[in-house]
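Shown next, in structure tokens, is the structure this report addresses.
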Amino acid sequence: MDSIEFDAIIRHPRTIIHIDVDCFYAQVEMLKHPELQGKPLGVQQKNIVVTSNYLAREYGIKKCMSVQEALQLCPEIALVNGEDLTHYRHYSAKILKILHRFTPLVERLGFDDNFLDITSIVQKYMNSGNDSELNISINMEDENPVGKVFGPFEEECPCGCHARLIIASKIAVEIREQIYKDLHITCSAGIGHNKLLAKLVGSLHKPNQQTLIFPCSAAMLLSTIESVSKIPGVGQKTTQLLISNNIKTVDDLRKTPLEALEKKIGIDLARKLKDNAEGIDETVVKPTGKRQSIGLEDGFKSVSLIAEVESRLGALLRRLTELAMEDGRIPVAMRLTVRKHDFNKSASGKRETRQCALPKYLLPSSKSGVYDHAKMLTLAMKLFHRTVDVSKPFHLTLLGVAFTKFEERSSGKNSITSFLRKQVAVQSVLDISSEEGVSDINLGSPMSVNQDSNDGSAMSTTSSPISKSIGTNNQTVDDDVLNEIEPLPKKTRLEVWLSGRRESPSNEMADLRLSPSSPMQLSPKIDAAVLKSLPIDIQREVTRSWPTTSKPKSNNILKYFIANK
DNA sequence: CTGGGTGGCT
DNA sequence: AGCCACC
């Protein structure tokens with residue numbers, strides 16, 4: 001037995017707390033809507049109730065249940081739209097700040113799931129009865145843990161972990177109390193000597209509770225969870241792989257010899273799972289740094305028109321650049337995500353992504369402080385054309401855009417890189433201005449193409465930055481990427497009209513929505529004229545009925561304007 | 001009739 | 001770039 005294995009089995013040197021915010025989205029929504037206090041509440045994204053408060057759960061509402069199902073179980077449930085994650089992100093950041101008061105060793109999984117390695121904090125309390133930096137008093141006299149304890153209380157482990165875990169349970173109370181005091185948000189906690197145990201044990205008693213596990217109960221806890229799918233890291237695919245090998249429970253996993261398992265599922269996975277089955281997990285708490293990507297997605301029933309793709313991407317990009325500004329770092333790559341409608345499966349198809357560099361001149365200059373949204377959209381559309389063959393009909397069910405790499409800034413805003421970047425930015429502004437005329441390119445007005453009047457007539461007399469830059473084929477020094485873009489077809493009236501609509505996130509086509517009870521907002525006359533103005537291939541595309549699971553659609557352009565949510 | 005994010009591995 | 005996983 002080597003020393004690592006030795007450590008894992010009879011020494012338990014680390015002390016880990018897992019903090020899980022109770023039904024996070026639902027709690028945030030209850031804070032936003034105090035009038036819903038005491039009522040069952042669900043958070044809805046598209047047709048899904050992604051989470052609910054505990055009152056709603058009493059009716060049997062589960063995570064990611066369809067709205068219809070949820071309403072059947074609990075007709076009086078209040079449903080709140082949770083597609084915009086801004087508030088959740090906000091609270092998540094506040095929670096992280098509180099956790100950082102205790103230790104920088106915080107690993108986040110999602111917005112509401114955190115591991116803290118408090119080994120050194122516990123050590124300080126063990127040594128001196130307090131932590132000089134962490135100004136929190138802990139009752140060292142009481143030898144009993146706070147909160148629940150999983151498993152029988154057996155004799156102390158010779159490595160001394162019992163005392164450490166008991167102190168940790170008191171620190172967990174402090175953490176939860178501080179989060180509640182500052183934010184009025186409740187959390188549950190799990191305390192153990194590794195991440196696996198801390199996470200699993202914390203889920204035993206919720207909400208607003210905490211549970212400790214001593215190492216001697218580890219194997220028992222793992223037996224208790226039964227299904228292998230409960231092991232963190234074992235998702236749908238791995239579960240199916242294991243089940244196809246007749247392994248359903250953790251005990252099945254335990255009974256399978258390592259050598260046999262390695263042959264079935266691969267050496268790495270086999271070793272990890274065999275360890276986990278015994279409650280062994282040596283993975284470290286990896287402090288979560290800055291996000292590696294910042295992205296937004298929008299899902300929908302179907303998008304088949306380039307104009308709508310452009311419109312939706314424009315909306316996503318505007319919000320994305322806001323997020324990037326909040327983040328403060330400078331993105332240097334852009335990724336586009338699409339999900340194509342899959343006719344073979346009733347469920348959603350797989351995603352495809354395309355990435356490209358984000359040229360420096362697209363970044364906010366220190367002068368204007370804004371992104372050039374028009375060129376960003378042009379770049380995103382270039383990625384789109386690289387992903388989707390628009391010469392054939394396409395039916396997308398999701399569009400996403402993300403910034404995926406960020407400029408390293410060695411120091412603050414006076415660093416040499418920052419200085420150079422400003423010079424470049426200013427230079428590129430000058431270049432554009434001198435070639436196009438300052439009045440034509442409106443750097444200070446993001447996405448003017450989409451923020452112009454709702455009345456499409458304005459668009460016919462004012463050229464957008466996009467059409468301008470294409471029409472003049474401008475060759476600024478920094479156009480090394482954009483000048484490769486094949487010229488977009490001149491905008492049709494339909495496209496102009498569509499892209500000129502004011503949008504709201506996830507509701508871009510609201511103006512186009514037709515309901516049986518409301519009069520049509522698009523007159524048949526305009527309809528025909530718009531249709532005629534389309535290129536012939538687009539006409540065919542727009543008027544073609546595409547196969548669906550339901551009855552064939554009529555050859556009427558209006559159906560493409562009917563709400564797709 | 002399945003959400004909107006993230007990160008890691010290959 | 002895709003797959004898988006997590007919340």
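Chain A is the first sequence line, chain B the second, and so forth, proteins listed ahead of strands; every chain is numbered from 1. The figures here come from the full heavy-atom set of this structure, side chains too, leaving out hydrogens, waters and symmetry mates.
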Whole-Å distance separating the NZ atom of A:K405 from the C1' atom of B:dG7: 15 Å

Nucleotide B:dG5, atom P - distance to CZ of A:R89 in whole Å: 6 Å

Closest nucleotide among B:dT6, B:dG4, B:dG3 to the A:R291 side chain: B:dT6

A:Q292 side-chain N/O to B:dG8 phosphate OP1/OP2 under 4.0 Å: yes

Sequence neighbours excluded - side chain to side chain donor-acceptor pair (under 3.5 Å) pairs with any residue from residues 178-188 of chain A: A:D22-A:T186, A:D22-A:S188, A:Q27-A:T186, A:R101-A:Q178, A:R101-A:D182

B:dG7 OP1/OP2 closer than 4.0 Å to side-chain N/O of A:S293: yes

NE2 (A:H90) with more than 12 external heavy atoms under 6.0 Å: no

Between B:dG5 (C1') and A:E326 (CD): distance, integer Å: 15 Å

Given DNA chain B, 5'-ward residue of the pair A:T288 and A:D268, judged by closest heavy atom: A:T288

Expected output: side-chain A:R329 to main-chain A:R291 donor-acceptor under 3.5 Å: yes

Any donor-acceptor N/O pair, A:E83 side chain to A:K46 backbone, under 3.5 Å: yes

By ring pair (Phe, Tyr, Trp, His ring centres under 6.0 Å) - contacts of A:F111 (at least two apart): none

Check: A:Y25 ring centroid to A:Y91 ring centroid under 6.0 Å: no

Distance, rounded to the nearest Å, where A:L296 contributes CG and B:dT6 contributes C1': 12 Å

Length of the line joining A:K272:NZ and B:dC9:P, which is rounded to integer Å: 12 Å

Distance, C1' atom - from C:dC7 to B:dC1, rounded to whole angstrom: 22 Å

Annotated protein contacts, base or backbone, on nucleotides 1-7 of chain C with a non-hydrogen cut-off under 4.0 Å, one of B, S, - each: SSSSSSS

Length of the line joining A:I48:CD1 and B:dT2:P, which is rounded to integer Å: 7 Å

Between B:dG5 (C1') and A:L399 (CG): distance, integer Å: 16 Å

Backbone N/O of A:L383 and side chain of A:H385: donor-acceptor pair under 3.5 Å: no

Nearest-angstrom distance from the residue atom OH of A:Y88 to P of B:dG4: 12 Å

Sugar-phosphate, base or nothing in reach of A:L398, heavy atoms under 4.0 Å: nothing

